[in-house]
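Notes to accompany the following structure.
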Amino acid sequence: MNLHFKAQGSGSPIILIHGLFGSNDNLGLLARQLKENHKVISVDLRNHGLSAHNQHHDYPSMAQDIIALLDQEQISTCSIIGHSMGGKVAMSLCDRIPDLIEKVVIIDIAPVAYSGHHHQNVFNALTALQSEVILSRTQADNVMSHHIEDHGVRQFLLKSLYKRDQNQYQLRFNAPILMQSYDNIMGWQEISPYNKPILFIKGQNSSYLLPEHHSAIQRQFPQAKAHIVAQAGHWVHAEKPDQVSRIILNFLN
């Protein structure tokens, strides 16, 4: 699949990979810092942003899309930064093309299968949106507010809302397939040890990267380092962009 992407800056390439329900501008604050010394390629994963929709949504498929992009852009080596679902795509690439990757930064996700349903309220909101004709962002926000209390989460989802025609709005990401593929997204198949530098960044208040994940990380990434960002949650790069940018630049350099 040919992915939509945005390229900025020049220098050694860095691939930025967003998380679930996101798009290529979700790591935009990082891209602004990194493009000063690197060619930064921010992708829309399949079923997100302006990339095509597809019934298959799993890590092998998403990783293969990135490999095709590297081939298309004639990129022989790169570093990769991924947040959440995008972090799992990045870790899958470590297993598939280790010789092409220089350094990896994983933002607030572990190489494990997560149990339970972490996004039920979001899917309830998306189902409600699909059952109505949405004529404004205000209407969409009001519909979602019955299922999602957090204003910030609603605003994040609304970033993917666009006017399809003169009257009706819809979401760019493929909500039905993401719902159908949720077990794939939350799941994980352990990979062979990746013996190159990799940095895990955790938001202190996030529950996605926990001490009980340490052994799984060490098995798969023996050279892993970790950095905890105080007073930040799962969206650590958006909450503390300057601090996260400094951490990443120090690691890359």
Side-chain angles (χ1 to χ4, degrees), residues 1-6 15-27 41-73 80-97 101 104 106-131 144 147-148 153 156-162 164 169-191 208-209 216 220 234-235 237:
M1 178 176 292
N2 292 325
L3 299 180
H4 176 260
F5 66 92
K6 178 168 62 177
I15 312 300
L16 297 186
I17 311 177
H18 64 80
L20 182 60
F21 307 121
S23 64
N24 67 47
D25 66 351
N26 286 163
L27 302 177
I41 297 178
S42 305
V43 304
D44 284 337
L45 292 171
R46 61 170 55 203
N47 294 311
H48 290 78
L50 295 176
S51 288
H53 291 183
N54 190 282
Q55 63 178 335
H56 298 292
H57 194 90
D58 53 34
Y59 293 112
S61 299
M62 288 186 279
Q64 190 58 47
D65 292 342
I66 301 292
I67 293 170
L69 173 62
L70 297 178
D71 184 58
Q72 170 191 317
E73 296 300 302
I80 302 178
I81 300 172
H83 170 247
S84 197
M85 181 182 72
K88 283 189 167 182
V89 176
M91 291 186 282
S92 182
L93 288 165
C94 291
D95 189 46
R96 290 169 175 269
I97 52 168
I101 301 174
V104 184
I106 306 300
I107 302 176
D108 212 67
I109 200 74
V112 300
Y114 291 87
S115 60
H117 203 303
H118 295 246
H119 300 87
Q120 189 61 60
N121 62 330
V122 173
F123 284 134
N124 289 341
L126 298 179
T127 300
L129 274 184
Q130 292 174 319
S131 68
M144 289 195 296
H147 305 277
I148 303 172
V153 173
F156 165 67
L157 295 170
L158 287 171
K159 289 178 69 175
S160 292
L161 194 72
Y162 75 103
R164 189 180 67 183
Y169 285 78
Q170 71 177 35
L171 293 163
R172 290 198 185 277
F173 54 76
N174 188 350
I177 289 297
L178 296 179
M179 293 183 206
Q180 178 182 312
S181 306
Y182 190 72
D183 287 345
N184 293 336
I185 294 167
M186 300 306 288
W188 181 251
Q189 292 292 324
E190 285 210 2
I191 66 172
Y208 280 86
L209 196 53
Q220 298 166 83
H234 185 55
W235 291 91
H237 57 285

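Atom set for the values below is all heavy atoms of this structure, side chains included, hydrogens, waters and symmetry mates excluded.
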Taking it one step at a time, do His119 and Met179 satisfy side chain to side chain contact (heavy atoms under 4.5 Å, CB included)? CA-CA 9 Å; His119 300 87; Met179 293 183 206; over 6 Å; no
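- Summarising the geometry, atom CD1 belonging to Ile109 is positioned 3.5 Å from atom OH belonging to Tyr114; distances are rounded to the nearest 0.5 Å.
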Checking Leu93 against Ile101 for the side chain to side chain contact (heavy atoms under 4.5 Å, CB included) test, could you report, in this order, the C-alpha distance in whole Å, the side-chain angles of both residues, the deciding distance, and whether it holds? CA-CA 8 Å; Leu93 288 165; Ile101 301 174; 4.0 Å; yes
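- Between His237 and Trp235, the angle of the ring planes lies from 30° to 60°, which puts this pair in the tilted group.
- Put simply, the residue from Asn2, Asp58, Asn54 that forms a side chain to side chain donor-acceptor pair (under 3.5 Å) with Arg46 is Asn54.
- Between Phe173 and His48, the two ring planes are tilted [angle within 30° to 60°].
- A donor-acceptor contact closer than 3.5 angstrom is absent between the side chains of His18 and Ser23.
- To the nearest 0.5 Å, atom OH of residue Tyr208 and atom CD1 of residue Ile106 are 15.5 Å apart.
- With no hydrogens or angles considered, no side-chain donor-acceptor pair links Asn124 and His147 at under 3.5 Å.
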Could you please spell out the steps behind the side chain to side chain contact (heavy atoms under 4.5 Å, CB included) verdict for Ile17 and Ile80? CA-CA 8 Å; Ile17 311 177; Ile80 302 178; 3.7 Å; yes
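- You'll find the side chain of Met1 stays beyond 4.5 Å of the side chain of Gln64, heavy atoms only.
- Annotation for Gln72: atom CD counts as buried by contact number, over 12 foreign heavy atoms lying within 6.0 Å.
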Begin with the C-alpha distance, continue with both residues' side-chain angles, and end with the deciding distance and a verdict on side chain to side chain contact (heavy atoms under 4.5 Å, CB included) for His53 and Ile177. CA-CA 9 Å; His53 291 183; Ile177 289 297; over 6 Å; no
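- Side-chain atoms of Asp108 and His234 form a donor-acceptor pair, as typed in the model, at a separation below 3.5 Å.
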